[in-house]
Amino acid sequence: MNCLSTIQEIFHPLFHRYQIQVFVKRDDDIHPIISGNKWRKLKFNLKHIEETPSIKGALSFGGSYSNHIHAFAFACYQHKIPCVGVIRGEENYANNYTLTWAKHWGMKLHFVDRKTYRRRHDADYIAELQNQYPNYYIVPEGGSNKLAIPGVAEVITELNQQVEFDTLLTPVGSGGTLAGLITGDCDIKKQHKILGVAVLKGAEYLKDEVNNLLPKHAKSHSSWQLLTDYHRGGYAKFSLEDSQKIIAFNKTTGVNFEPVYSGKMILALLDLLEEGYFKAGERIVLLHTGGLQGLGGMIERGILTKSDWPTIQPVTDISISGD
Ligand SMILES: *Cc1c(COP(=O)(O)O)cnc(C)c1O
């Protein structure tokens, strides 16, 4: 099996001090613009759409800076599938960094207010949308459905060929990625410890979400854990100190992590190390889920300063679309 992404060892004085080895699975490198786990989660969804002639298009949900919407728009463009994004927000968001790209790839933006967006899992609202977009295949927010699982599970198949390790860390948003990793880990001989770092507050409910996404045979996996105390204040929240820590880590290791998802995994790793969580000699893999496009929007909104993230260059020239 060909590996979609490479594995890379990274070095840091703390790794040396605690005598651990750390590797990064570079899913951020899967595609120059679309990166990471969204790509993996969409793989079998796209296959299903292509193999089902009655499906005429695809629809999904997201916030106005959503990595999922960004990836979904590009994936549909590439597979020539008409697509709709149900976006939480107003029309004037349509020109932001993320949605400009989505439009560029042909996504029809369907804006809804917060109240309507909250109904995104309700059967009656889904039926309404299905009426409005007949024969469209509806993918939930974040792309985390049953078909996302086998795509993410391939990370483990690849790792199995690439590196020996004890523990795998991943950031967690909706739980689809974590569920996919657990599933993949059940299909190989030796099981690993799989640690999910929740990037949002009050994430205890995600344990059930992950369990619900697991196919039967994967429910027996006994060494996964969701860490819910490393969210740094909530989704997309982080302190100046947090972002400076991530920037310093990026400089030391030469790999770029952003503060919403992958960077929170890094902050958790550093905290866990100081807490003595890892044993000397342990080999740890970090899944770099990508998400660097999100920096474009954060720089646009003044939340981050471009010069602080010198090695990250958001693609701003839409005409050189990298497609
Ligand atoms: C969506 C996303 C995640 C979270 O994945 P889930 O499957 O929703 O838990 C992690 N990292 C990045 C970069 C993402 O875009």
Side-chain angles (χ1 to χ4, degrees), residues 5 24-31 33-45 60-75 97-98 101-102 120-121 139-156 168-184 194-200 203-214 224-228 230-232 235-236 238 246 255-269 286-298 312 314:
S5 71
V24 181
K25 175 71 169 155
R26 298 294 306 269
D27 270 16
D28 56 313
D29 264 353
I30 289 176
H31 182 275
I33 301 175
I34 308 303
S35 53
N37 62 344
K38 300 301 184 287
W39 197 244
R40 303 232 186 224
K41 292 201 279 189
L42 286 171
K43 177 177 171 179
F44 288 100
N45 279 292
S60 197
F61 306 85
S64 55
Y65 289 96
S66 160
N67 291 331
H68 166 64
I69 285 294
H70 186 259
F72 188 73
F74 180 79
Y97 182 82
T98 304
W101 276 110
R120 65 195 177 277
H121 303 297
V139 175
E141 181 183 60
S144 291
N145 58 10
K146 296 272 177 194
L147 285 180
I149 303 301
V152 178
E154 289 179 355
V155 170
I156 302 285
L168 172 63
L169 252 74
T170 184
V172 177
S174 64
T177 302
L178 179 57
L181 295 173
I182 296 165
T183 304
I194 301 183
L195 281 184
V197 177
V199 301
L200 43 108
E204 287 73 20
Y205 75 96
L206 281 174
K207 289 177 193 165
D208 287 340
E209 303 273 310
V210 171
N211 258 315
N212 289 337
L213 282 166
L214 292 178
W224 68 271
Q225 215 182 332
L226 180 70
L227 304 176
T228 54
Y230 297 85
H231 55 75
R232 312 275 150 182
Y235 181 73
F238 48 88
I246 298 169
V255 179
N256 287 310
F257 298 91
E258 48 67 52
V260 178
Y261 288 104
S262 59
K264 285 201 178 165
M265 166 179 68
I266 296 305
L267 296 171
L269 170 74
L286 310 174
L287 177 62
H288 195 323
T289 46
L292 296 173
Q293 77 84 20
L295 284 169
M298 283 190 275
I312 298 174

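Atoms within each ligand, like the ligands themselves, are counted from 1 in listed order. Along the sequence shown, the residues carry numbers beginning at 1. On a predicted model such as this, the values are computed, not experimentally measured, just so you know.
- Atoms NE2 and CH2, on His70 and Trp101 in that order, are 6.5 Å from each other to the nearest 0.5 Å.
- Considering CZ of Arg40 and CD of Glu154, their distance stands at 7.0 Å, rounded to 0.5 Å.
- Val172 counts as a contact of ligand 1, since one of its heavy atoms falls under 4.0 Å from the ligand.
- If you number the atoms of ligand 1 from 1 as listed, the ones under 4.0 Å from a heavy atom of Gly290 come out as 13 (C).
- With 3.5 Å as the limit, one finds no donor-acceptor pair spanning the side chains of Asp27 and Thr289.
- One option in Gly142, Ser144, Gly62, Gly173 has a heavy atom closer to atom 4 (C) of ligand 1 than any other, and that option is Gly173.
- Looking at Asn45 and Asn145, their side chains do bring a donor and an acceptor atom within 3.5 Å of each other.
- Close contacts between ligand 1 and Gly291 involve ligand atoms 13 (C) [criterion: under 4.0 Å to a heavy atom].
- Contact atoms of ligand 1 toward Asn67: 13 (C), 14 (C), 15 (O) (distance under 4.0 Å to a heavy atom of the residue).
- Aromatic pair Phe74/His31: ring centres closer than 6.0 Å.
- Taking every heavy atom of Lys41 and a limit of under 4.0 angstrom, the matching atoms of ligand 1 come to 5 (O), 6 (P), 7 (O), 8 (O).
- Taking 4.5 Å as the limit, every side-chain heavy atom of Phe72 sits out of range of all side-chain heavy atoms of Phe61.
- Looking at Thr170 and Val197, their side chains never come closer than 4.5 Å, going by heavy atoms from C-beta outward.
- Of the polar atoms of Lys38, at least one N or O is found under 3.5 Å from an N or O of ligand 1, judged by distance alone.
- Residue Asn37 touches ligand 1 through its side chain alone, judged by heavy-atom distances below 4.0 Å.
- Scanning Ala71, Ser262, Ser66, Ser174 for the heavy atom closest to atom 8 (O) of ligand 1 points to Ser174.
- Below 3.5 Å of separation, one finds no N or O of Tyr261 facing any N or O of ligand 1.
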